[in-house]
Protein chains: 2
Amino acid sequence: MIKLTYAEENYLKAIYELTEAGKRSTSTNDISTWMKIKPASVSDMLRKLGEKTVIDYRKYYGVHITEEGKKLALRTIRKHRLWEVFLVEKLRFSWDEVAEVADELEHVQSPTLIQRLDEYLGFPKFDPHGDPIPDEFGDVRSRPRVPLNEIELDGTGQIVAVKDSSAAFLRYLDKVGAYIGARIKVLEKVEFDGSIEILVDNKKTIFMSKDVAGNILVIQ
Amino acid sequence: MIKLTYAEENYLKAIYELTEAGKRSTSTNDISTWMKIKPASVSDMLRKLGEKTVIDYRKYYGVHITEEGKKLALRTIRKHRLWEVFLVEKLRFSWDEVAEVADELEHVQSPTLIQRLDEYLGFPKFDPHGDPIPDEFGDVRSRPRVPLNEIELDGTGQIVAVKDSSAAFLRYLDKVGAYIGARIKVLEKVEFDGSIEILVDNKKTIFMSKDVAGNILVIQ
DNA sequence: TTTTTATTTTAGCCTTATCTAAAAAGAACA
DNA sequence: TGTTCTTTTTAGATAAGGCTAAAATAAAAA
């Protein structure tokens with residue numbers, strides 16, 4: 001059985017997240033930027049993760065995650081997202097405050113704890129940001145998600161996630177009244193700048209730039 | 001503001017626990033045995049904790065905890081015991097399974113998290129083992145606790161804690177029907193071996209050796 | 001194809017926290 | 001008061017995970 005340290009778990013999670021977004025590999029520099037750790041340190045860690053066979057690592061040619069690595073990364077992500085649900089639903093955290101605390105909680109080692117937490121929360125399928133929670137076997141039931149700016153005029157959908165999940169952006173969304181789970185309808189699409197007007201939950205209209213809309217993911 | 005590492009927090013908690021039991025100081029060897037860490041490592045850590053002014057440390061003469069240290073230790077203990085309550089009351093852990101998981105959870109750094117957890121649990125005053133939970137200022141409202149074997153014949157009381165909280169001992173107690181919170185009455189005290197017979201919750205009688213009774217703490 | 005630039009890796013250093021082996025200090029006893 | 005035994009500390013090693021500076025490699029430009 002492969003054992004990972006706290007730091008190794010963080011790297012593997014980062015690599016999974018960076019490679020899941022379509023690309024199949026990622027680079028030392030990307031990981032360095034994402035994790036705010038110097039490239040030299042990243043190189044060294046990639047060597048170690050390669051030796052533990054959770055990634056495929058060819059010097060100078062980037063990183064692919066292995067099946068074994070994917071399983072371990074998903075286990076961490078599952079824990080992270082379950083804790084986020086707990087923080088928001090049970091402890092009244094707002095959805096832009098949970099990431100930091102969940103980053104610590106996700107490393108607590110106890111299969112029973114996670115099983116029980118999952119059960120206690122009613123086996124949630126999505127975290128407060130709308131990201132899917134892998135099941136205990138690492139399976140993710142994901143629905144196709146489309147950036148809001150790509151929805152056609154009069155098209156409807158439900159906000160399920162954001163691409164940029166910075167606290168600032170999440171606060172902005174809360175402020176204007178867009179939140180995960182909101183039902184939306186596209187009322188207008190402005191040709192020349194790509195900005196749009198949407199109706200939220202059949203009661204409130206919001207105007208947003210193309211950039212903002214591009215950061216919001218919906219299912220139809 | 002004094003910052004402690006994960007390991008330093010563990011040492012300080014151990015020192016607090018070892019010195020709270022009446023004694024005002026503890027030794028390198030005691031800490032070593034308690035924490036299962038070699039004396040040489042303990043010595044080194046005591047030097048560091050001394051420099052951080054959370055303990056008074058004079059080489060070869062044992063350790064006293066300072067006021068500052070006591071405050072920090074109580075903060076960790078508060079977190080540990082709140083998590084224990086959570087695990088037992090919300091996640092159906094049995095009270096002999098929680099220590100290990102709580103030892104990890106107690107190091108999560110987030111004042112908000114602990115405040116909210118406390119509130120969510122209804123501001124409990126005692127953990128599942130009957131030990132008091134310090135409030136956010138480090139105040140402990142503790143009642144005088146007496147070993148069960150010291151209660152006089154026909155005396156009554158309530159089980160609030162155990163001295164030896166090993167999983168084996170806790171399971172044994174559960175099995176015979178003695179649990180934290182149980183109301184007890186001493187029905188008989190056998191002179192020659194110190195064993196006793198008690199009535200639990202006015203319905204069940206239990207016979208126990210002096211050793212077992214000495215490990216059970218009650219309030220009168 | 002050569003040169004320049006950008007990326008990545010290696011080498012060497014630091015800190016934390018552990019260990020073992022050896023030395024030092026204190027306690028117990030003759 | 002020495003001598004022996006126990007406890008504690010120091011010295012030096014190791015492993016993890018970070019850093020900076022320098023070297024190596026790949027990619028881009030001339």
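Numbered from 1 within each chain, the chains take letters A, B, ... in sequence-line order.
- Under a 3.5 Å cut-off, the side chain of B:R81 and the backbone N or O of B:P132 do form a donor-acceptor pair.
- Summarising the geometry, the separation between CE on A:M45 and P on D:dA16 is reported as 9 Å, rounded to the nearest angstrom.
- Residue A:K59 places at least one side-chain N or O closer than 4.0 Å to OP1 or OP2 of C:dT10.
- In this structure, the CD atom of B:E9 is 15 Å from the C1' atom of C:dA17, given to the nearest Å.
- Using a 4.0 Å heavy-atom criterion, one finds that B:S41 contacts the bases of the nucleic acid, with or without backbone contacts as well.
- Checking the phosphate oxygens (OP1, OP2) of C:dT9, no side-chain nitrogen or oxygen of A:Y61 falls inside 4.0 Å.
- Residue contacts for A:T28: at a heavy-atom cut-off of 4.0 Å it reaches the sugar-phosphate backbone alone, with no base atom in range.
- The side chain of A:Y60 contributes no N or O atom lying less than 4.0 Å from OP1 or OP2 of D:dA23.
- Separating the CG atom of B:L49 from the P atom of D:dT8 is a distance of 16 Å, rounded to the nearest angstrom.
- Separating the NZ atom of B:K3 from the P atom of C:dT16 is a distance of 14 Å, rounded to the nearest angstrom.
- Here the P atom of nucleotide C:dT16 and the CD atom of B:E51 are 10 Å apart, to the nearest Å.
- Considering only side-chain N and O atoms, B:Y57 lies under 4.0 angstrom from the phosphate OP1 or OP2 of D:dT9.
- The interatomic distance linking B:L46 (CG) with C:dT18 (P) rounds to 12 Å, in whole Å.
- Note on A:N29: a side-chain N or O is less than 4.0 Å away from OP1 or OP2 of C:dT8.
- Atom CD1 in A:I31 sits roughly 15 Å away from atom P in C:dT7 (whole-Å rounding).
- The phosphate of D:dT7 has neither OP1 nor OP2 within less than 4.0 Å of any side-chain N or O from B:S27.
- With rounding to whole Å, B:K48 atom NZ is found 14 Å from D:dT9 atom P.
- A donor-acceptor pair is defined here as one N or O able to donate and one able to accept, closer than 3.5 Å; no such pair exists between the side chain of A:T19 and the backbone of A:T26.
- In summary, the aromatic rings of A:Y11 and A:Y6 are positioned with their centroids too far apart to meet the 6.0 Å limit.
- One finds a salt bridge joining B:E51 and B:R47 here, because a Lys/Arg side-chain nitrogen approaches an Asp/Glu carboxylate oxygen to under 4.0 Å.
- Going from atom NE2 of A:H80 over to atom CD of A:E104 covers 11.5 Å, rounded to the nearest 0.5 Å.
- Contacts of B:Y6 with the nucleic acid, taken as non-hydrogen atoms under 4.0 Å apart, are absent.
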